[in-house]
Amino acid sequence: MAAKTSTDKASFKPRIAAFVCNWCTYTGADLAGTSRLQMAPNVRIIRLPCTGRIDPLFIIKAFERGADGVIVSGCHPADCHYTSGNYHARRRFAVARDVFGFMGIDPKRITFSWVSASEGGKWAEVVNDTTARVQELGPFSAYREMEARV
Amino acid sequence: MSRIGVFVCHCGENIGRTVDCAAVAQACGELPGVVHSIDYKYMCSDPGQALVKQAVAEHKLDGVVVAACSPHMHEKTFRKTVANAGINRFLCEMANVREHCSWIHEDREEATQKAIDLTRFIVEKIKHNVPLEPIKIPVTRRALVIGGGIAGIQAALDIADGGCEVVLVEKEPSIGGHMSQLSETFPTLDCSQCILTPRMVEVYQHPRIKLMAYAEVDKVEGYIGNFTVTVRQKARGVNASLCNGCGECQKVCPNKKIASEFDAGLGKRPAIYVPFPQAVPNIPVIDRANCALYKGRARNAKKDACKKCEEVCGRKAIDFDQQDTFLTEKVGAIVVATGYQLYNIKKEQDKEAISGYGEYGYGTIPDVIDGLQFERLASASGPTGGKILRPSDGKEPKTVVFLQCIGSRDPAKGIDYCSKICCMYIAKHTMLYHHKVHGGQAIVFFMDIRAGGKGYDEFTRRAIEENDALYVRGRVSKMYRDGDVIKVLGFDTLSGEPMHIDADMVVLATAMRPQPGIESLAQKLSVSYDRFGFINEAHPKLRPVETNTAGVYVAGACQAPRDIPDAVAMASATASKILGLFSASELEREPLVAQVDQGTCAGCFHCVRVCPYGAVEHFEVKDRKGNLIKTVAQVNKGVCQGCGTCQANCPSKSVELQGFTDQQIFAAINAF
Amino acid sequence: MEKETASGESENTSASAHHGHAEESFRSEVRQAIGLNPAKCYQCGKCSAGCPMASEMTLMPHEMIRLVQLDRRDRLMQDESMWLCLTCETCTARCPNGFDPARMLDGLREMSLRAHGENAPRRIQAFHSSFLDQIRSHGRVFEFGLVFAYKMRSGALFDDVLNAPGMYFRGKLKLTPHTIDGVDDVRRIFDACMAEEER
Amino acid sequence: MKIGYFPGCSLDFSAKEFDTSLQAVATSAGMELEEIKDWACCGATSGHATNHLLSIALPARTLALAEEQELERVVAPCAACYSRLATARHEMAEDKKLFSKVTGILKRDFTNSVQVMNIAELLRDNLPAIKEKVTHPLKDLKVACYYGCLLVRPPKVTGFDDTEDPSSMEEVCRAAGATPVKWNKRLDCCGGGFSLSRTGSVIRLGKEILEDAQAAGAQAVVVACPMCHSNLDLRQKAIAEQTAKPLEMPILFITQLVGLAMGISEQILGLNRHFVSAQPIIAKATVKALPAAREEA
Ligand SMILES: Cc1cc2nc3c(=O)[nH]c(=O)nc-3n(C[C@H](O)[C@H](O)[C@H](O)COP(=O)(O)OP(=O)(O)OC[C@H]3O[C@@H](n4cnc5c(N)ncnc54)[C@H](O)[C@@H]3O)c2cc1C
Ligand SMILES: Cc1cc2nc3c(=O)[nH]c(=O)nc-3n(C[C@H](O)[C@H](O)[C@H](O)COP(=O)(O)OP(=O)(O)OC[C@H]3O[C@@H](n4cnc5c(N)ncnc54)[C@H](O)[C@@H]3O)c2cc1C
Ligand code: SF4
Ligand code: SF4
Ligand code: SF4
Ligand code: SF4
Ligand code: SF4
Ligand code: SF4
Ligand code: SF4
Ligand code: SF4
């Protein structure tokens, strides 16, 4: 990561939650591990059976609990372990995008991607890119400020 | 749940080098509900596992978190360990601090902090875990095979030989499928009937195979291990238990001019008929649309127009009043092997997306035939006795043009895919033609020769090098009849020369398409199919003969264009899958399935719509008097695969996926 | 065909130079300008097999598309075959892969006019120019004027005998043009389209 | 219902007989044609051979004028005009960017809602009305219906009939009492716009077409396009120079054929304007004429 001019930003360590499916992306992340691919340490994975299981509320909740960014990742469109779970997920998230905006969450803080079980390298990229992007955006403080006010 | 044990593994140096394991154990020990937290060099080693067991007993643990490698690596191991220690397997979970942490980071401080976080999530989640019992499903050790082509025959024989019963349902009067129509077969050129007939007879005689020819699947209910299938036995007009196949009835039938399906329209058959002499079962059917008696009855004629067959039948087997009957069969697994049909170039097509070939006359030019018709001409048992004679005037064609990729690889006509087998059978046809017609010239218009397979390319080369077939690379633009010949306007893209040929006969290698009616069958079985109607396999590489519905398998040309070796290999693979499934009398499944709270379920059935497996059913809640109170959703545990899509889509949060409940996941997120 | 060997070598080098940069290649330029992906043609030759002008072309329709795929701009533009296309749409109607060769050739002619106008056969170009001039000046085509202007431009001075007197006496040839009221409107459209093309 | 009429440049003069015969047949069969006021040329081949945008914008102007006249449908009897109008309509409907570019150039309120028809389509759609007016059925007349290229191609633009096996012209001829023959070259191109610039090609193509029609036993070729007409009629003398025997094949506009069957006068139908005499056919029609042959106003 390139050093940022603002010291504030440079010292900021984003916290990113990743909701990933068990079959593709989780396994891809395992592969990144066995391949010893170094990546930004800011992402915390929460494992789910399928992206179809991911409720947009999980994402909002993660932001509420202090996440600065979120990654959602699962199987490639035609490769869903459950045939069509990720298709439903994609449709739901297309709608949810607007909701996130409405909830005051900059959609740039959320990464949707497809990482298959064999794409360890791609996973590392997703992690690094998202971290860099969120770093740039700065801390997600909207909810904390709101909470403080209420 | 409040008595949790945390076990942090060093994995030798693998974790310990970057993660301060002791610090992780220390931090987790301070979490509420954690009563025991230690680190150890190798958790999966025998002493490591012993540590867990001992701790369970000593600290009365009701939850175990192992912070170590990926759950894909050792979750099974540790779950077995806790089960041995006397607590439910599903009260043990792993935090992945190796693949997802120590191996991918260098900064010890950051890695340690991340390891603590990851472990904490799991600790919080496990507080909401509940004991689960594996689901046990009884298995009916009996299989249904739909379609009696070579694929269905092979599957039925392999399963039956493996010791299980099989019901084989074939919609035509005889089994055999398209292979029975072929003359000789690539790549070895052995006679199709000669190798097929013994297998058909074997099916007929097998003590564990129940053959239901002239029958169709009407309804399918249930799930893996427990299907109930209703089969419609179509009325033959002949009592199968009385008929001895003597064939007298066919001889006397006055309606002998009906185009024979078996001979692809080139031969004739009577109204009461067996499709071909080697038919299995060798019992005739009456084609009601063409029988004088039935036609008369349909017009309400007072007297039956003809009863010749009944009169001549010594066995009194003819039964004009026979009706369709329905039978139910209980089976544990199903094989779909319904095969293919050929694309027809006519204007009318059974699917709107597919159109015919106007530039080739929409099938109106005589002597433009398809591959199966050529097979019948080349077949010793065919209408010409194996002589290649053109249908219009019975002359021997001296120039035969073969057109490859007709319908196939032609998105403009509605089909994008390559039919895979036609390059081979056209090469075969040119060889057969070369052997049978001296001085004849075979000209093949092709785009590519696709002959991948053992001995396949050698085969096509033989057609070109030794059998004088002229291969021209290009598609034909137009064909029309001009007097006695068919004008073929083509182009050789290799030389840049136009090829205008006067052909005596043209053979079209038309595309392989799934059988008509495949979609409705697929819907009955809730298996998915592609836009052309081919049945989808569960995974193109790793689960090629399973479908996305557990217990339903697929073999042969109904899945994609397949030649005989492919079809047979798939069939045997389904048989071994099914025999594996049947090897136990009960199926055991992970209990990670969805469950509906019928108290709160609003009956919106979003879940039904999104479930990829059709696992959610409608359930009628009734009061004690039997009055319907409401209809709610219910998950069939035998069918659910645990993807959780239903849960994420339920507006009233009434369906929960065991092992990944909202409570569990929110607990983990809350620990963020 | 003879000149091919002469220019062949230099073209080869230019072709290979193009291959490295897909974005600036001839094929991508064609794709940009015409809106068709030349790679969609799988070279089956069905277009050429049915083309009524194939026997007069030195490059067949599918070969012209192939040259686009190979980035052989010069080889293609030096040939007059594209100008022999009648736009009868036979090829497009029958192309199995849903490509539109007729439209591609239209587009190539347009590109050729812009860059290498002199390669268009003189007569055909003369005809098109005369025709468009007619519309520009009157809003409609006035046939006598068209014939006259065409003959002037092509130099094909009454060699093919359009049977003008025959036409005249059958009332098929009018000697004075009719100019529509909205001719200014039409001129404006011309100018706008030409300007758009320049961009 | 009123139908917009776009005669196009040829019908304006060199194919005036197509115009007059069409008007007469339409009036007789109760179709109300309303000419698009101040229409301009469609651009024909030259337009799209040289400037794609122009080839869309010129016909678009005509379609916009039709909208201003509140016409829902426009008939373009010339196959080339029809093709240009229909293509422009199709491309603008498919490509929103192109559409907005064109409307920008036109500077008119334009919604691209006008339907474009050709003459074969128009007549086929009015068969019952035509049949009713047929008084001189052309019995024993064998005709070869010639579609040429642009009437039915490409399918996504035309779509009113089968591209490879159309039947509308045959249906119309049958309604007029004539017998359409089966022949092979009815969809082959006649050389279209190369009449002046590449006469040799036009002669070669015309020869193949006419010979095939003759071999199939046709006594006349029926066309629905002024370009086809002039390539086959005007050029027949040149074609004959390359054949053993002069072809003497009368080329009729489909509206002339229908007009004859309706008993409309030769004069109005403009049958005298052809290079190859249509007399043998006219004779057939008049022989069959009812005693009081109608003179159409
Ligand atoms: C012209 C031609 C030549 C060929 N030559 C060769 C060759 O030389 N070598 C080679 O290896 N392959 C060849 N093949 C391919 C070969 O025919 C197929 O690979 C093979 O027949 C596929 O077998 P199948 O059992 O999958 O399908 P099919 O043979 O089509 O059998 C399917 C069966 O299922 C039945 N059925 C369909 N729907 C239902 C239903 N709803 N309910 C009950 N029953 C149903 C059908 O009636 C049929 O009996 C050729 C194919 C063609 C077209
Ligand atoms: C460059 C390339 C790309 C490919 N890409 C694809 C693709 O994208 N998709 C695809 O579907 N296929 C692809 N394939 C094909 C794929 O690799 C093979 O289909 C597949 O690996 C075959 O699996 P196998 O188990 O039969 O053989 P192998 O993978 O070769 O496995 C055989 C195993 O047996 C072991 N072995 C050998 N002899 C002995 C012995 N005597 N005793 C004990 N063990 C022994 C070997 O060590 C080896 O582990 C590709 C192949 C190549 C070359
Ligand atoms: S449990 Fe996993 S991390 Fe620990 S020693 Fe075994 S393999 Fe290594
Ligand atoms: S005559 Fe009777 S016994 Fe013989 S085949 Fe016919 S039905 Fe069967
Ligand atoms: S009743 Fe007569 S027509 Fe019908 S099957 Fe029997 S013999 Fe044939
Ligand atoms: S197998 Fe050969 S003939 Fe058949 S579709 Fe494929 S390429 Fe064409
Ligand atoms: S989505 Fe929820 S509320 Fe709707 S039917 Fe299913 S379980 Fe019931
Ligand atoms: S978890 Fe998945 S498979 Fe199970 S019922 Fe829900 S949607 Fe269907
Ligand atoms: S017909 Fe289509 S795909 Fe075939 S060569 Fe011509 S343009 Fe290419
Ligand atoms: S449109 Fe042009 S290239 Fe296509 S078939 Fe007609 S003349 Fe040939």
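All chains are named by letter (A, B, ...) in the order of the sequence lines, taking the proteins before the strands, and each is independently numbered beginning at 1. Note that these values count all heavy atoms, side chains included, but never hydrogens, waters or copies made by symmetry.
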> If you count heavy-atom pairs under 4.5 Å between each of A/V127, A/T27, A/I54 and chain B, which one has the most?
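Most pairs with chain B among the choices: A/T27.
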> Which region of A/F19, side chain (C-beta onward) or backbone (N, CA, C, O), has a non-hydrogen atom less than 4.5 Å from a non-hydrogen atom of chain B, or is it both or neither?
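Just the side chain, heavy atoms under 4.5 Å.
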> Check whether any side-chain heavy atom of B/M94 sits under 4.5 Å from a side-chain heavy atom of A/R47, and report yes or no.
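A side-chain contact under 4.5 Å is absent here.
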> Given a strict heavy-atom distance threshold of 4.5 Å, which part of B/D662 is in contact with chain A: side chain, backbone, both, or neither?
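For B/D662, backbone and side chain are both near chain A.
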> Looking at chain A, which one of B/A668, B/A111, B/G644, B/S102 has the largest number of heavy-atom pairs inside 4.5 Å, strictly under?
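Greatest number of close heavy-atom pairs with chain A: B/G644.
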> Nearest 0.5 Å, please: how far is CG in A/D55 from NZ in B/K653?
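Between B/K653 NZ and A/D55 CG, I get 4.0 Å after rounding to 0.5 Å.
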> As an exercise, state the distance from CG of A/N42 to CD of B/Q113, rounded to the nearest 0.5 Å.
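Reported value, rounded in 0.5 Å steps: 12.0 Å.
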> Might you point out which heavy atoms bring B/F660 and A/R53 nearest each other, and give the distance in Å?
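The pair with the smallest heavy-atom distance is O-NH2, 2.8 Å.
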> Between A/G52 and B/A648, what is the shortest heavy-atom contact and its length?
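So the minimum-distance heavy-atom pair works out to O-CB, 3.0 Å.
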> Is it the side chain or the backbone of A/V43 that comes within 4.5 Å of chain B heavy atoms, both, or neither?
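Just its backbone gets close to chain B.
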> If you measure from CG on A/L37 to CD on B/E99, what distance do you get to the nearest 0.5 Å?
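Answer for the CG-CD pair, A/L37 versus B/E99, is 12.5 Å.
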> Between A/W23 and B/H72, what is the ring plane arrangement, given parallel below 30°, perpendicular above 60°, and tilted in between?
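Because their plane-to-plane angle is under 30°, the rings of A/W23 and B/H72 count as parallel.
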> Do you know which two heavy atoms are closest between B/F121 and A/I45, and how far apart they sit?
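Nearest pair, atom of B/F121 first, then A/I45: CD1-O, 4.5 Å.
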> Measure distances from A/L31 to the heavy atoms of chain B and classify the residue's part below 4.5 Å as side chain, backbone, both or neither.
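It is neither, since no heavy atom gets under 4.5 Å.
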> A/I59 versus chain B, heavy atoms under 4.5 Å apart: side chain, backbone, both or neither?
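A/I59 has no heavy atom closer than 4.5 Å to chain B.
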> Heavy-atom pairs under 4.5 Å with chain A - which of B/H100, B/E110, B/Q641, B/Q647 has more of them than the others?
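Maximum pair count with chain A is reached by B/H100.
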> Please tell me if the side chains of A/L48 and B/I665 come closer than 4.5 Å, counting only heavy atoms from C-beta onward.
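Heavy-atom side-chain distance check passes, below 4.5 Å.
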> Taking C-beta and beyond as the side chain, do B/M73 and A/T34 meet within less than 4.5 Å on heavy atoms?
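No; the side chains remain at least 4.5 Å from each other.
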> How about B/K577: does its NZ atom have over 12 heavy atoms from other parts shown lying under 6.0 Å from it?
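Count not over threshold, so no.
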> Taking all non-hydrogen atoms of both residues, which atom of B/G642 and which atom of A/P49 are closest, and how far apart?
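Looks like O-CB, 3.4 Å.
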> With a 4.5 Å limit on heavy-atom distance, are the side chains of B/D117 and A/R15 in contact?
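Of all side-chain heavy-atom pairs linking A/R15 with B/D117, at least one is under 4.5 Å.
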> Any idea which heavy atoms bring A/Q38 and B/W103 closest together, and the distance?
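Heavy-atom minimum between the residues: NE2-O, 3.1 Å.
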> Using non-hydrogen atoms and a 4.5 Å limit, figure out which bit of B/I669 sits close to chain A: side chain, backbone, both or neither.
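For B/I669, heavy atoms of backbone and side chain both lie under 4.5 Å from chain A.
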> Do the numbers put A/R44 on top of the ring of B/F672, so that NZ or CZ is under 6.0 Å from the six-membered ring centre and no more than 45° off the axis?
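Cation-pi check for A/R44 and B/F672: fails.
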